[in-house]
Amino acid sequence: MNQRYNTLVSDTLKAKELHRPEFFRLHNDSDRIKFNKLLDSSNIFLHDEIYDQLKELMKVHHPTVRLSADDYTRLIKEHLGKTDIKDYGVWVYYPWSCKLVHMLDEDEFIELRTSANRNKITTVERDLLAEKKIGIIGMSVGQSVSVTLALERICGELRLADFDTLELNNLNRIRTGVHNLGILKVYAVAREIAEIDPFLKTVCYPEGITEENINDFFTKDGKLDIVIDECDGVDMKILCRLKAKELHVPVLMEASDRGTFDVERFDLHPDRPILHGWLEHLTIDFEVLKSLTTAEEKLPYMVPISGLETLSSRMKASVIELQKTVTTWPQLASSVALGGGLCADTCRRILLDQFTDSGRYFLDLETLIPDKRPILSEIQYIKIVSPITIDEIKELSNIALKDIGPGDKKLTHDELKKLIDAAVQAPSAGNCQPWKWYYTNDCLLLFHDKSRSVSFGDFEDIGSHIAFGATIENLELEATANNIGVITHVFPIPDKTLVAVFSFTKKETQDLLYQPEILSKYIYTRETNRNFGVRKPIAKNTLDELRKAVVSISGAELIIRDSPEEMNALSDIIGGAERLRLLHPEGHYEFFKKELRWSYEHSRDSADGIDLATIKISASDIVGLQLIQDPGVVKLLREWKAGSSLEDLARKSVNSASAIALITMPQYSPANFIAGGRALERMWLKAAELDVSLQPMMSATFHFARLIHGNGQGMPGFMKEEFTQYYKKYEEIFPGIRNKGEVFLFRLCIAEKPEVKSYRIQTDKVLSFG
Ligand SMILES: Cc1cc2nc3c(=O)[nH]c(=O)nc-3n(C[C@H](O)[C@H](O)[C@H](O)COP(=O)(O)O)c2cc1C
């Protein structure tokens, strides 16, 4: 058995490259000898259906007559003349399958095989098309294109290029048999074409297209009339277009997603830039292109080619799952079949001068044949709050100022501006800057403008209250630096829209501030640092200094965790929280529509939100964000219980940090969060002084608050469950946390300084006078 097995394997291997049939015309003596020898070999399958072919041919020759059996016999006899039917036509031998087939010879074969094309393709057009040469690079969609071109007989020669072999996972879209596994795709396609039409010329490029053979591919034995690009390599995509442009050959490309289809008519418009000009901002030098090896390097080229925004949500979501739960870009047989049809139809019309345009087109079946059932919006519960009005501000001021009088100091306009300029440097979640300031009767009032902060994350205004604590701290520090005393009344009335009232005195320092002379110097340089760091321990005395700053606020505590086990567990928790936040329709909407600023101009003009440039992430991470911003994508990821890549950024941040720390207050209450915000700002300013970088990582904290204090209200079941699990782990890392006010979770790191600073809304836009 072993010997026999080995012989069979070796014989099959020898046959791997066979893709050309052999022809035997028996009126030719040498062919007859070879043919007879072949008949003697043992394992031949012989198919002789020549009589039926002749019958069909007679029918085509006499379209007006209904032929009887006798008519056929007579007509065929006349047609054969003296030739024995066994010798008529041609015998074609397919050596890879040992099949010997008797068929009509070339002219009659073509006439009969294409007879049902008429008159969608007339005989004159058929003959014109038979002169044409089409090159196809890449044999996935390319297989479908090539076979369709062959079936329709849109050309007389097909040049096929691909270096890949057939694998089982190709068989979801490439129509071939399992016996072809391991065979070069070009040969499988050439075989299939030969089995449909042995007279169609195929030329295979089993090494794919290379710099060395591209000239041959385009010009050997006559210039190509069309090239169809279905390859994956960005360098080849560009190289083949440069060549096509030089030789004035049109290029087609079908992307098997939403019927995305490109036509570039370099034959008619040789000056048009390749890929519709989408790469004009990049270097188009083949030496550079060849050297691109990593996905990261190729991305700037691939993104404009694939047109990220126009990909289907399923494709985007699948790309996000690459290397997580899937291994390759998905392609479906239906799309590939459609692609074959699209390319073949356009080729025919180009070759027959029935179509002259260039451009990107979509034959998106979901749009053309839509499901008309109404789509329920997923973000039905987004809260919209109107901005606070001056009338509301005045009304609340009047109530508060009944009990609070001015101090002995009246601020000048410059002094007031200085204080508020410093106050608004405070951090706020998503840089939402939830404040409005009002100066009246020599008192300054701080209001909560909920229209700026309302979000799924800001459960019970926790995030806003923390920001208010920080802004109050800055104001007092700046006042002290300017020899102005401040008396602060936090939540002076039950309505918490009024956060604080400040009156001013000539007293020079605030007794309760912590190191005001030092910390006030860092108000403008404190910043969130989202750069990845290097995990190095932070010196004990630095951590002690940070702790002292925190505990200077009564009741505040700082807990620092830096063991590898704790950091790993926190990476799971923080990463998981970021994922769940983005998978939640409201969290997703808020992050992409309210928080994130994609460009410098956008963040400068809005003067709020988080500038993407402050998140120093790789080009592929940015592409990931662009893909995830489609709500359809997160909906799918949710359904698939997938999306682990949404954790990657947060995980990298935690994994490159020196420690994760948490500020707590004794109670869960708005006043405690304000005080905690003050503690946080003290510590953050101290960190700026000591050159330690800091990044809040609050997704987990905010959602835990909703889970514990709001019974997970608004969270879908899976999210509640996962947060409950994460909270269990969290309690192990921070024992007793359930009974405290969790103010601020953040990472401490040693990292490069951020290149851009966050913007603030100008003081005159947030300050009014009464
Ligand atoms: C309560 C609160 C929560 C925050 N949460 C996060 C967070 O989860 N991730 C993050 O990168 N930054 C977070 N930040 C930082 C803000 O985005 C940042 O302060 C704001 O964009 C202004 O930038 P700056 O700190 O550099 O001045 C948070 C800030 C506050 C006050």
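Residue numbers start at 1 and run along the sequence shown. First listed ligand is number 1; within each ligand, the first listed atom is number 1.
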Between the side chains of [Y] and [X], is the shortest nitrogen-to-carboxylate-oxygen separation below 4.0 Å, so that they form an ion pair?
X: E590; Y: R581; answer: no
X: R651; Y: E578; answer: no
X: R597; Y: D605; answer: no
X: R535; Y: D562; answer: no
X: K757; Y: D611; answer: no
X: D544; Y: K540; answer: yes

Which of the numbered atoms in ligand 1 are under 4.0 angstrom from any heavy atom belonging to [X]?
X: S428; value: 16 (C), 17 (O), 18 (C), 19 (O), 20 (C), 29 (C), 30 (C), 31 (C)
X: Q695; value: 10 (C), 11 (O)
X: A429; value: 2 (C), 3 (C), 4 (C), 28 (C), 29 (C), 30 (C), 31 (C)
X: G430; value: 17 (O)
X: M698; value: 3 (C), 4 (C), 5 (N), 7 (C), 8 (O)
X: E527; value: 26 (O)

Closest non-hydrogen protein atom to [atom], residue and atom name please, with distance?
atom: atom 21 (O) of ligand 1; answer: N431 CB, 3.2 Å
atom: atom 19 (O) of ligand 1; answer: P427 CB, 3.1 Å
atom: atom 12 (N) of ligand 1; answer: R530 NH2, 3.3 Å

Would you check the N or O atoms of [X], main chain and side chain alike, for any that come under 3.5 Å of an N or O of ligand 1?
X: S758; value: yes
X: P696; value: yes
X: R760; value: yes
X: T528; value: yes
X: E578; value: no
X: W684; value: no
X: F744; value: no

key: K753, NZ atom: more than 12 neighbouring heavy atoms under 6.0 Å   = yes

query = More than 12 foreign heavy atoms under 6.0 Å from NZ of K593: is that the case here?
reply = no

ask   = Quick one: does E297's side chain have a donor or acceptor within less than 3.5 Å of a partner on T294's backbone?
value =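 Indeed, once roles are kept as given, a pair shorter than 3.5 Å links the two residues.
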
Geometric cation-pi criterion K496 and F491, 6.0 Å radius, 45° cone = yes

query = Does R526 come within less than 4.0 angstrom of ligand 1, counting non-hydrogen atoms of the residue?
reply = yes

query = Quick one: does ligand 1 sit under 4.0 Å from the side chain of I610, the backbone, both or neither, non-hydrogen atoms only?
reply =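 It is the side chain that touches ligand 1; the backbone stays farther off.
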
Which segment of M697 sits under 4.0 Å of ligand 1 when only heavy atoms are counted = backbone

request  = Could you please spell out the steps behind the side-chain hydrogen bond (donor to acceptor under 3.5 Å, both in side chains) verdict for S669 and N672?
outcome  = CA-CA 5 Å; S669 74; N672 268 243; 3.0 Å; yes

request  = Answer with yes or no after comparing the ring centroid distance for F769 and H413 against a 6.0 Å cut-off, counting only values under it.
outcome  =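 Centroid distance F769-H413: below 6.0 Å, so yes.
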
